[in-house]
J.: 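Quick one: structure below, then a few questions.
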Amino acid sequence: MSYGDLMSMDLPEGLKLIDEEGKRLDGRRADELRPIKIEAGVLRRADGSAYVEMGKNKILAAVYGPRECHPRHLQDPTRAIVQCHYNMLSFSVDDRKRPGPDRRSVEISKIVGEALEYSIFLEQFPRTSIDVYIAVLQANAGTRCAGLTAASVAVADAGIPMRDLIPACAAGKVADTVVLDLNKEEDNFGDADVPLAYIPRTGEILLLQMDGHLTQAEFDRAIELAKGGCTTIYGLQQDALRRRYAFAGGDAQESEQEAGGNEA
Amino acid sequence: MSYGDLMSMDLPEGLKLIDEEGKRLDGRRADELRPIKIEAGVLRRADGSAYVEMGKNKILAAVYGPRECHPRHLQDPTRAIVQCHYNMLSFSVDDRKRPGPDRRSVEISKIVGEALEYSIFLEQFPRTSIDVYIAVLQANAGTRCAGLTAASVAVADAGIPMRDLIPACAAGKVADTVVLDLNKEEDNFGDADVPLAYIPRTGEILLLQMDGHLTQAEFDRAIELAKGGCTTIYGLQQDALRRRYAFAGGDAQESEQEAGGNEA
Amino acid sequence: MSYGDLMSMDLPEGLKLIDEEGKRLDGRRADELRPIKIEAGVLRRADGSAYVEMGKNKILAAVYGPRECHPRHLQDPTRAIVQCHYNMLSFSVDDRKRPGPDRRSVEISKIVGEALEYSIFLEQFPRTSIDVYIAVLQANAGTRCAGLTAASVAVADAGIPMRDLIPACAAGKVADTVVLDLNKEEDNFGDADVPLAYIPRTGEILLLQMDGHLTQAEFDRAIELAKGGCTTIYGLQQDALRRRYAFAGGDAQESEQEAGGNEA
Amino acid sequence: MSQRSPLSEVKKGHISTLLSKGKRSDGRNLDEMRPVSIIEGAIETAEGSARMKLGNTEVAVGIKMGVGEPFGDTPNKGVLTTNVELIPMAFEEFESGPPSPMAIELSRVVDRGIRESQMIDLEGLCIEPKKEVWVLYVDIYALDYDGNLFDASSIAAVAALKNTVVPAKRFGKGEDFQLPLRSMPISCTTVKIGDYLVLDPTLEEDEVSSARLTVATDENGDLRAMQKGGNGFFTYEEVKKAIQMSTEAGKAIREKL
Amino acid sequence: MSQRSPLSEVKKGHISTLLSKGKRSDGRNLDEMRPVSIIEGAIETAEGSARMKLGNTEVAVGIKMGVGEPFGDTPNKGVLTTNVELIPMAFEEFESGPPSPMAIELSRVVDRGIRESQMIDLEGLCIEPKKEVWVLYVDIYALDYDGNLFDASSIAAVAALKNTVVPAKRFGKGEDFQLPLRSMPISCTTVKIGDYLVLDPTLEEDEVSSARLTVATDENGDLRAMQKGGNGFFTYEEVKKAIQMSTEAGKAIREKL
Amino acid sequence: MSQRSPLSEVKKGHISTLLSKGKRSDGRNLDEMRPVSIIEGAIETAEGSARMKLGNTEVAVGIKMGVGEPFGDTPNKGVLTTNVELIPMAFEEFESGPPSPMAIELSRVVDRGIRESQMIDLEGLCIEPKKEVWVLYVDIYALDYDGNLFDASSIAAVAALKNTVVPAKRFGKGEDFQLPLRSMPISCTTVKIGDYLVLDPTLEEDEVSSARLTVATDENGDLRAMQKGGNGFFTYEEVKKAIQMSTEAGKAIREKL
């Protein structure tokens, strides 16, 4: 069955999002993340950059700054501002997306940028702008979380003083089951999606949305799973930066790190 | 018969815009205004505001300023400028209007703004802008005149020094008769429309347009009727401001004033 | 046969772009330019202007400047910049063109502006802009070359110090023959087009494009023809300026100069 | 929310001092909404409408409908479009022109509150599958701004949808009928100022807050949509408390509609 | 017209002094148009065209036609679109980009002069009712600007429409035919400088004027469209006088077309 | 290329001195391309794709296809659209918003290299003449910019087209099939610095150059497209030399694809 079929239809007959053994379409358990690969320092021109694969999501993030703030009227004399631009490339989805920002990407840029602002010591760079660009090369549900995960590594790669790295992932509800990290089929045919950005060390929630229908108990379980996912991703972010600094000066390494299970 | 029917068709058979007794579709005589209600000071955030109902027209006007002029290149070192924005809300007409200015609203904003400029002592506020916003909540022919009537009260409510209030209304030609204050059906099926803004005290004409076909004698008669309408509206504008100042400090009163006949 | 027919179809049966005697559809030989008329100083408001007819092309060019550079961020403290705007009027082509710049006109504006920059002593006017406007009133293939030819005369007419005038014309390949100065039918049904701007005195090539399919030998022949065309046009540009200055003070003269053959 | 000018630091101090005494500058309790007044159906040119005041914040909502084609992936469902216009009439910092990120976030949060809660029976708006469906525009205009447009917009939209009559006759599609509704989710918003959570913030409170949480709940107290905003954080305990405040306030407002 | 810089006060003084002696800086009488020159049909790619000079003001008008759908409320009428482009070639203050309010007002006044006067027999442009009609674009470009584009644009548009041939053959709709016209309204514009009314203002006169009145009259001297502009006023006596000047000047121009 | 700041004069001096010794700052010969690395087919959501590095310049190209109507004048041909996006991720001077003249020139040069060379058999993309054809979008994104996007873009586009599979099954139009290609033109670009011609300029070299020539050649060494840019000049001898350098480099790259 092709992508396109799955996208534009009701759940095809006979297809079960979760089978008798509790396995999901791609073989994962309910509390399992998709395979994740994080690489820091992948672009030459940007001040900092990162590449993230999360399942079939492929995402680049680049950071420029702190630098002079454009447009001027956004300058804040007391601190830096973060200008975040989330961008799905035209070929990252099944039906070609017109280049340029649509309303969805403006909203995601706003909430991802707000989360990043919290993580940066903005007061150290008054009047400047820190510009964060997220390019989704291939999308498969969960791009805002994977994009924020990448962007946070790129900010660190740019050497900008940070409170902490920000990991993010979603939990949701599929076939009456609360599961971690929905893929595209689960997102299309599921009942709810809860993207979360959460700093494990402090318990701070920086991004939180919810779509769909959850009882308050289901919501609690979703947050519990997503917190666990964030904890795993946080470790992978740190690994990526460690590899980057270990090999600094040479080309960024193509070292892959897979996140299998997740003891959330 | 619904609005939509009337709008998109020729005049339905058997329907007469003016009957044997000289009465119009809504029962008015040729020289009669629609019922008018004017209220000043209806919004909290704006520096001045007014609400006008003129027949089935429902219009809000708000004024901000004098304040710093944006965009800068429009600043005049010798006086204030008036920036007027006439805006039909999407649901104010039968077929939804796309939000944002179209060519018609740009033209109306320009001529209404020019009329307002004359009424304000602009020289007292060099380099500033006086920003006037007109929102048409419900439209039924004559919105530019009702909008200017409302905007002028809002300028007064903002305490901006004025030469005089500006009343405005239209006259026109319907079924070979020159009539005052066309409603929507008359505007759609009539022969000519003449919007006028006229200061009764001085005889100054600040807004004047004409569409359709009039002999010069018919034009004279139309102006005569519209002058009379302006005189009546001028009184209602003053009443609204008097009520506003009488109760200043408390909430604006929901006092209604209807204009029945009109001895033009 | 109407224009429209020729435009939207394959080459109509029986029609030969070049006949047995080597004559083209409009009777020209392979190395012949279309009739050309150049007039300088045709507008009153602009600092310099010119009108060019090249076959059925009718083109106006106007120059303003050197003047303050807008937008500011384009200012160069060491020299003037040239801002060129090539504009096809809506009725200059068979199918109405929407007013305003499309991608084609942005590209032409860029390459024509770059050619003009070379010809002007920009260093004499730091921080300023020289604004060049080209309006195509009627188009019939070769408008970028005719537009550059006109613009260069307009710059001279504005009294801006120049290295030299820039003549431009195209050569191309039609029915297996390399020919000079393609008209619209030849452009539509031909195999290649090579616009060229070339200063005869110095041999400098300032504009060069190629579309289609040419062997390197055919390309050489096309350049040879186009150089000859430029030499002829250069003479007509000089004549136009001489007529303009001879009658300076009075209205520009309607003197026509036709370029018949061309000994390239 | 994000701009921390010296002035707002002073304001923040003042507001925080009050909050530490359990008070707000307009006298409300921390979990109390401002007075709500709703006038339904006042716009005759709209298929449904509401003008709503939430304290000094005022919005006008109009519903317009038309006939159009369904989307390819929902051939038997009507089409819903929600749009919030932050017109400069309402506030000196709102500008004409393309919608700001704030307006876009607002539109999308209100839209999700209506869409994801399945409030409207969109299948009841199908005329002929794959060919013709009703298209429904929810247009929300801010007229007077004193904070918390999230709740004013979404509650007024619900009120306008409630009195919407599908203009079938005008379009030659049979008799007019009431817009088919199902559940009725209510959105309520809490912001965090210092360590305090306050419901339904005024503009002044909004400006000194660090984070915002909008929660839409249904008749059963289930969650239907949620949106965190602002460059501050919530702990999970704070999220739970905000959900509780929104659920309670939502109940009270639902009774008024 | 509205910007009163110190410089223009001086200019205004000079022009007013002349006017008080019944003179204008270019030697014309107060009720005299500048020389008019019109070249019809010069643009072969257009269905109709005119280049017109009114003194030093110059415009080019081209008519393009195509086949399209009628509007729902006029199923048996052709579609007319009028557009004025104030391109920067014509004047240093004209800018590229979206049309300015001045350009929009101009377009709409010219459009009304053509549309409301019922100059074009739009029913003669119906091909098949409800399905196919001729679409007609009147595109007006300012090439050289020295005031009073209202009259230059509308007169040149009338001239271009007069020589327009409907390109029926090219669209496979039978034989070409002359665009069906009825009346021929002419617009003439008067401005007020101090207490004087002057016809057909130059740019210099326009800049020091306080108000403008454009009046379109037909063969019978009836009024077909009117537009007041500027932030000054007219008395009704002045309006009457301006109408009279426009009517007379319109007659003279009509004879030249 | 055109901005000659004092800094770039210094840079230019340095680069020229090296060139006079036959050297370039990265050690290449004057007629040598930077290392090329191409990963084909990495984007699963695209019908065809390539990520390409040319030295430190990097682009991603994706091909998307759909079904649409043909243009009236080519009723039996598929529709091709080429677009280059200079996103700000790639370079601090690239800006969001409408495409810059640089981006437009790039798009059009790459488009002509594909279109005029008749690389794609567009007639093989006709489904039903006059009614349905395949529509093909070539979308090129600059990810990392160090000069010469002309060649990186056009070569990556060729690579992506090579691995493109027409998604016929997804659109209910039969079995998927390989995109039908004919010739394979390769574009190579030379710039002029002082009197020297250098192939495949870095950004630094591009900034100090006076003129640019992009030449697309096919398997036979025939010319398929050409574009001169920059405000300097070439002599005809220089043009011939640049063509020769591009032809040679094109051959080498064609072998790698």
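It should be emphasised that the depicted structure is a prediction, and the values quoted were computed from it without experimental measurement. A note on names: the letters A, B, ... follow the listed sequences, proteins ahead of strands, and every chain is numbered from 1.
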J.: Assess the residue pair E:Lys240 and B:Asp220 against the criterion (side-chain contact (heavy atoms from CB on, under 4.5 Å)); give the C-alpha distance rounded to whole Å, side-chain angles, the decisive distance to 0.1 Å, and a yes or no.
T.: CA-CA 9 Å; E:Lys240 295 293 288 180; B:Asp220 285 345; 2.7 Å; yes
J.: Is it true that B:Glu114 and E:Arg212 make a salt bridge, defined as a side-chain N closer than 4.0 Å to a carboxylate O?
T.: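 A salt bridge is absent here (no side-chain N lies under 4.0 Å from a carboxylate O).
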J.: Between CZ of E:Arg112 and CD of B:Gln209, what distance do you get to the nearest 0.5 Å?
T.: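 These two atoms lie 5.0 Å from each other.
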J.: Heavy-atom count around E:Lys77 NZ within 6.0 Å, excluding the residue itself: above 12?
T.: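 Counting neighbours around NZ of E:Lys77, 12 or fewer heavy atoms of other residues, nucleotides or ligands fall under 6.0 Å, so no.
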J.: What part of B:Leu206 gets closer than 4.5 Å to chain E, counting heavy atoms only: side chain, backbone, both or neither?
T.: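 It is both, since atoms from each part get that close.
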J.: Can you confirm whether B:Asp102 is buried at CG, in the sense that more than 12 heavy atoms of other residues, nucleotides or ligands lie under 6.0 Å from that atom?
T.: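 Atom CG in B:Asp102 is crowded, with more than 12 foreign heavy atoms closer than 6.0 Å.
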J.: To the nearest 0.5 Å, how far apart are CZ in E:Arg115 and CG in B:Asp211?
T.: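 Going from the CZ atom of E:Arg115 to the CG atom of B:Asp211 covers 10.5 Å.
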J.: For B:Gln216, does the CD atom have more than 12 heavy-atom neighbours from other residues, nucleotides or ligands under 6.0 Å away?
T.: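 It does: B:Gln216 CD has more than 12 such atoms within range.
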J.: Using a heavy-atom distance cut-off of less than 4.5 Å, which residues of residues 81-102 of chain E contact chain B?
T.: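 So far as heavy atoms go, E:Thr82, E:Asn83, E:Pro99, E:Pro101, E:Met102 are the residues that approach chain B to under 4.5 Å.
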J.: To the closest 0.5 Å, what do you measure between CD1 (B:Ile205) and NZ (E:Lys228)?
T.: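 It is 9.5 Å, given to the nearest 0.5 Å.
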J.: Begin with the C-alpha distance, continue with both residues' side-chain angles, and end with the deciding distance and a verdict on side-chain contact (heavy atoms from CB on, under 4.5 Å) for E:Ser107 and B:Arg103.
T.: CA-CA 9 Å; E:Ser107 297; B:Arg103 294 168 74 93; 3.0 Å; yes
J.: Any residues in residues 214-226 of chain E near chain B, with a heavy-atom distance under 4.5 Å, and which are they?
T.: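 Residues of residues 214-226 of chain E touching chain B at under 4.5 Å: E:Asp218, E:Gly221, E:Asp222, E:Leu223, E:Arg224, E:Ala225, E:Met226.
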J.: Count the heavy-atom pairs under 4.5 Å between each of B:Glu218, B:Arg104, B:Glu204, B:His213 and chain E, then report the option with the highest count.
T.: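 When all of B:Glu218, B:Arg104, B:Glu204, B:His213 are compared, B:His213 has the most.
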J.: Begin with the C-alpha distance, continue with both residues' side-chain angles, and end with the deciding distance and a verdict on side-chain contact (heavy atoms from CB on, under 4.5 Å) for E:Phe233 and B:Ile199.
T.: CA-CA 10 Å; E:Phe233 69 91; B:Ile199 299 184; over 6 Å; no
J.: Let me confirm one number: the NZ-OH distance from B:Lys227 to E:Tyr236, rounded to the nearest 0.5 Å.
T.: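 The OH atom of E:Tyr236 is 7.0 Å from NZ of B:Lys227, to the nearest 0.5 Å.
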J.: If you count the non-hydrogen atoms of other residues, nucleotides and ligands that lie under 6.0 Å from CZ in B:Phe121, is the total more than 12?
T.: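 Yes, the 6.0 Å shell around CZ holds more than 12 heavy atoms from other groups.
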J.: Given a strict heavy-atom distance threshold of 4.5 Å, which part of B:Leu208 is in contact with chain E: side chain, backbone, both, or neither?
T.: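 Both backbone and side chain.
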J.: Using side-chain contact (heavy atoms from CB on, under 4.5 Å), reason through B:Glu107 and E:Gln227 one step at a time and then give a plain yes or no.
T.: CA-CA 11 Å; B:Glu107 184 197 351; E:Gln227 179 90 347; 2.9 Å; yes
J.: Starting at CG of B:Asn188, measure out to CG of E:Asp73 and round the result to the nearest 0.5 Å.
T.: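 Spacing of CG (B:Asn188) from CG (E:Asp73) equals 9.0 Å.
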